[in-house]
There are 2 protein chains.
Amino acid sequence: MPKLDESLLTGLPPFSLLDRAQIREILDQAVSRRYDEGTAIFREGHDADRFYLLLDGYLRVIRSTPGGEQIIVLHISPGQLFGIAPALQRDTYPATAIAAAESIALSWPVRVWDDFITRYPGFATESYKTLGQRLGQIQETLTEMATQAVEKRVACALLRMVHQSGRKSDKGIEIAFPVTRQNISDMTGTTLHTVSRLLSAWQKDGIVESTRKHIVVTDPHALVVLSEA
Amino acid sequence: MPKLDESLLTGLPPFSLLDRAQIREILDQAVSRRYDEGTAIFREGHDADRFYLLLDGYLRVIRSTPGGEQIIVLHISPGQLFGIAPALQRDTYPATAIAAAESIALSWPVRVWDDFITRYPGFATESYKTLGQRLGQIQETLTEMATQAVEKRVACALLRMVHQSGRKSDKGIEIAFPVTRQNISDMTGTTLHTVSRLLSAWQKDGIVESTRKHIVVTDPHALVVLSEA
DNA sequence: CGCAATTTTGATTTTGCTCAAAATGAGTGG
DNA sequence: CCACTCATTTTGAGCAAAATCAAAATTGCG
């Protein structure tokens, strides 16, 4: 394997306080791997033997029920740590991570976690900050799921994806990874049918434009209004 | 204020590895306070200036929506740390804590958190373990909310309370703190009407017995069956 | 081109909410 | 001790949102 370039980590929050030599040390212990769209990086309940950093692509973090249904708990964007079970003293992963688009991630064996925490200033702080943000996000989603009607939930889900991965296109803001109606229904606890109907209606109103697995929000403000109505 | 007795903390997970002198140190920095039923210990969005340990009673952790609705995210039992925003590098509390029954809690200023983490072996580990368990619980609730029908969600909510605080009585297992129909609907994202109807039906079937603010599960197994149906 | 995955749409059914009102119980103050 | 008030609980009726059932249409890919 070729040596990984130090610029990969420079400036990323968990490593921003470190010097070149420290980043070198960290990279030398890392394994880099590519994941095709749809591939699992790790699965719920499995042995948490590594922790990860997403370099490129997008992930879905999902949980499944005994009944075979699944829900998407959150998405991971480039630069974020994930699978950090060791930070919480867990020995199995609490959810499954799936590549939503072709992705590249670094990973380290959990046994170096404590080392990272003690040796590298800022690493612990940033990791726990990430965790705190994620806990907050999940609580937010839970509250939304418990109190809001389907239409608002779907609007919120779209807005979350836009905020996390939106990039300008000529028509509006497009979501940077493939998303199906089924995916959106897994994020919002509804059915693909209902999502399809909502998107069709919004398209007619000029709020979104979508082709298969690809969504552009043409009127974000209108969507915000819907999400708060 | 009288000195707090060392036996209060002895054996509790976050402090189980510590000797008498260390526990003394910790207690000498603590403030103990009683909270009447219904009182807020801290509120969502407020300055996270202290962290807490529940000595006695039960708490509800709630989040409110702009629309005035609220949901109960989880319950806290005696012996648990709570309000540990500093562990996640947050400077405001992400939720509100309300005494579900008369309660007593110790608290410390956040500035001693880092001290506790570095000076007292096992404290960090246990705190993060608590956090991990809580994250898992919330994910569980989210999944349930997104995929299960109201009847199952209410059955699960009852079972969770039974597991966390159940104590044997002559009739069955009783939930150790006051709970209203409204409370249960806030845990499950439904209405008090629906909860009332469910409890009435279950009472007729001999599964529960309830008076105002007080619930006894007389046939826990039947409830488990309902929660998995 | 044919296939499989995704999306759309219509019809029907069901769940659980809203609206409405009454019953019950617990605590308070006279 | 009793009357009164307020919170909690129960129950009924009607309705609406969204699920389910059922096809068909579309699209991208091999």
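When reading the values below, keep in mind they use all heavy atoms of this one structure, side chains included, and skip hydrogens, waters and symmetry mates. Below, chain A is the first sequence line, B the second, and so on; all start at residue 1.
Put simply, the side chain of B:Ile62 does not reach to within 4.5 Å of the side chain of B:Ile71, judged on heavy atoms. In this structure, the side chains of A:Cys156 and A:Gln148 stay at 4.5 Å or more apart for every pair of heavy atoms.
Between the P atom of D:dT8 and the CD atom of B:Gln182 lies a distance of 9 Å, rounded to the nearest Å. Atom pair B:Leu198:CG and C:dT15:C1' shows a separation of 11 Å (rounding to whole Å applied). One can place CD of B:Gln148 at 15 Å from C1' of C:dT15, the figure rounded to the nearest angstrom. Rounded to whole angstrom, the span from the CD atom of B:Glu69 across to the P atom of C:dT18 amounts to 9 Å. Between B:Trp202 atom CH2 and D:dT9 atom P there is a gap of 15 Å when expressed in whole angstrom units. Rounded to whole angstrom, the span from the CD1 atom of B:Ile184 across to the P atom of D:dT9 amounts to 8 Å. In this entry the distance linking CD1 of A:Ile215 with P of C:dT6 reads 13 Å, nearest Å.
For D:dT11, the base has a donor-acceptor partner in the side chain of B:His193 [N/O atoms by modelled type, under 3.5 angstrom]. For A:Arg212 against C:dA5, a side-chain-to-base donor-acceptor contact under 3.5 Å is present.
Exactly one of A:Phe82, A:Phe177, A:Tyr35 qualifies for a ring-ring contact (aromatic ring centres under 6.0 Å, His included) with A:Tyr58. That residue is A:Phe177.
Contact annotation for A:Arg181: backbone-only contact, meaning every heavy-atom pair under 4.0 Å involves sugar-phosphate atoms and none involves a base. Counting any heavy atom pair closer than 4.0 Å across all strands shown, A:Ser196 reaches a base atom. At the heavy-atom level, A:Thr190 lies under 4.0 Å from the strands shown only through sugar-phosphate atoms. A:Leu199 comes within 4.0 angstrom of nothing in the nucleic acid, heavy atoms only.
Both A:Arg197 and A:Val179 lie near DNA chain C, and the one whose nearest nucleotide falls closer to the 5' end is A:Val179. Position along DNA chain D of the nearest nucleotide to A:Glu151 versus B:Leu192 favours B:Leu192 as the more 5'-ward residue.
Checked against C:dG16, C:dT6, D:dA18, the side chain of B:Thr194 finds its nearest nucleotide in C:dG16.
Applying the 4.0 Å criterion to OP1 and OP2 of C:dC17, one finds that B:Thr191 has a side-chain N or O inside that range.
The pair A:Glu140-B:Arg63 meets the salt-bridge criterion, with a side-chain N (NZ, NE, NH1 or NH2) lying under 4.0 Å from an Asp/Glu carboxylate O. Note on A:Arg160 versus A:Glu144: salt bridge recorded, some NZ/NE/NH1/NH2 to OD/OE distance being below 4.0 Å.
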